[in-house]
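Residue numbers start from 1 in every chain, and the chains themselves are labelled A, B, ... in the order their sequence lines are given, proteins ahead of strands.
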Protein chains: 2
Amino acid sequence: MSLRIALLGLLCGKGPASGYDLTKSFERSLNHVWQAGHTQIYPELVKMTSDGLVTVESEGARGRKIYSVTPEGRRVLHEWLVGHSPSLTVRSDTGLQAFLLPLLDRDEAIAVVQRIRDCHAERLAALDFQPRGVLGRYALALGVGQIRSVLEWADETIADLQRS
Amino acid sequence: MSLRIALLGLLCGKGPASGYDLTKSFERSLNHVWQAGHTQIYPELVKMTSDGLVTVESEGARGRKIYSVTPEGRRVLHEWLVGHSPSLTVRSDTGLQAFLLPLLDRDEAIAVVQRIRDCHAERLAALDFQPRGVLGRYALALGVGQIRSVLEWADETIADLQRS
DNA sequence: GACTGATATGTAAGTCGTTACATGTCAAAT
DNA sequence: ATTTGACATGTAACGACTTACATATCAGTC
């Protein structure tokens, strides 16, 4: 369900675009928040067309189809944005590793936390190079905060494990 | 892939258990980190049995089957814990809402962020009542940190929106 | 003129996860 | 005796997502 919201959001924010453009937009601006490849995007655009959320505005070279949002699409997007509550389901592989840390001996556990730390530090560095337009300002701040909090947890946890 | 890790982890940490027990364990101790219902757990245990990761130790009343971890299961769990790097794919509906905030007018945006804040405050309160055994200490700290960082972001964002 | 690489769009098979349906046991209370 | 509620296990259909495969255009260069 959220994939179509993301697509509607990009089309509303950046104007009409092709499936290819949207795939690139996902990679560039949205990928720290939601991910989808072209194999998911193309069929979804077709479904969204038959659901009346977008229309093919024009067909250009190389079979390129330019989609734009319909009033109904705008309505659906607005309704979701204003009405959606954070989903309760969480699936965090890092959280799972943290959960199971007590099954490891001290040095192994420290090494695991250290790697989690390194990976997140790398991601934080990558985020800073993210281009940002009208959209994405707030999401960037949220993402940075989330990653920083993992780094803090990692530092505290390593210190805690070293004391034991 | 991680579902079996979670199941192996619970079986290693808490000893042999039935599918039903594992389902309850998920609800009680693991649900802020990973989620799965019995409809996913029962078939997965069957697959894990045929893959040699767990065995049916005994069959009790009401067709209750007690699973325990095989040496191979222990090996697979250990390998994952020590070798797994955080996955790069992220899908956060809250992040998506944050990303698209600029599409809303000021007051709507503030209301959305306020609701995100409220939901996370509620989750934080729920986490404090989570029972914790040997496992889960570190995951709890991680979860609390994550949620706190959302609350901070929400406060800053609301202030920012109000200034505009 | 042939090759290469970026552009551009799609299908198919398989895995993972959700929702709805279906069944049966056992203990305790009424 | 029967009803209720917790215990206990499953299947089936569907939707979301991934990976691998397949194809074709166009611009630039060798």
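The interatomic distance linking B:R64 (CZ) with C:dT25 (C1') rounds to 13 Å, in whole Å. In this structure, CG of A:L22 is placed 16 Å from C1' of C:dG10, rounded to the nearest angstrom. Summarising the geometry, the separation between OH on A:Y20 and P on C:dA8 is reported as 6 Å, rounded to the nearest angstrom. Following rounding to the nearest Å, A:F26 (CZ) and D:dC17 (C1') show an atom-to-atom distance of 12 Å. Taking atom CD1 of residue B:I66 and atom C1' of nucleotide D:dT9, one finds them 13 Å apart after rounding to whole Å. In this entry the distance linking NE2 of A:H38 with P of D:dC17 reads 16 Å, nearest Å. Distance B:D21 CG to D:dC7 P: 10 Å, rounded to the nearest Å. Atom pair B:K24:NZ and D:dC7:P shows a separation of 6 Å (rounding to whole Å applied).
For a distance-only test at 3.5 Å, the side chain of A:T39 qualifies as a donor-acceptor partner of the base of D:dT19.
Remark: the backbone N or O of B:L81 is paired with a side-chain donor or acceptor of A:Q97 at under 3.5 angstrom. Side-chain N or O atoms of B:H120 include one that pairs as donor or acceptor with a backbone N or O of B:I116 at under 3.5 Å.
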Report, one pair per line, the protein and nucleotides 13-16 of chain D atoms (nitrogen or oxygen only) whose separation is under 3.5 Å.
unit_1	atom_1	unit_2	atom_2	d
D:dA16	OP1	A:M1	N	3.3

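Counting only heavy atoms from C-beta on, A:Y42 has its side chain closest to C:dT9 among C:dG17, D:dC17, C:dT9. Here C:dT18 is the nucleotide among C:dG17, C:dT18, D:dT18 with the atom lying nearest to any side-chain atom of A:T89.
Under the ring-ring contact (aromatic ring centres under 6.0 Å, His included) criterion, the residue pairs touching residues 3-39 of chain B are B:H38-B:Y42, with sequence neighbours excluded.
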Less than 3.5 Å apart, which donor and acceptor atoms pair up between the side chains of residues 83-91 of chain A and the rest of the protein, not counting sequence neighbours?
unit_1	atom_1	unit_2	atom_2	d
A:H84	ND1	A:W80	NE1	3.4
A:H84	NE2	B:D93	OD2	2.7
A:S85	OG	B:R115	NE	3.1
A:S87	OG	B:D93	OD2	3.4
A:R91	NE	B:Q35	O	3.2
A:R91	NH2	B:Q35	O	2.9

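Note: A:L22 CG to A:Y67 OH = 9.0 Å, rounded to the nearest 0.5 Å. Of the inter-residue distances, the one linking B:E152 atom CD with A:Q146 atom CD reads 10.5 Å to the nearest 0.5 angstrom.
Listed pair A:K65 / C:dG10 meets the phosphate criterion, a side-chain N or O lying under 4.0 Å from OP1 or OP2.
Checked by atom type, the side-chain pair B:D21/B:S18 shows a donor-acceptor distance below 3.5 Å.
Among the protein residues, B:S18 comes within range of the sugar-phosphate backbone only, with heavy atoms under 4.0 Å from sugar or phosphate atoms but none that close to a base.
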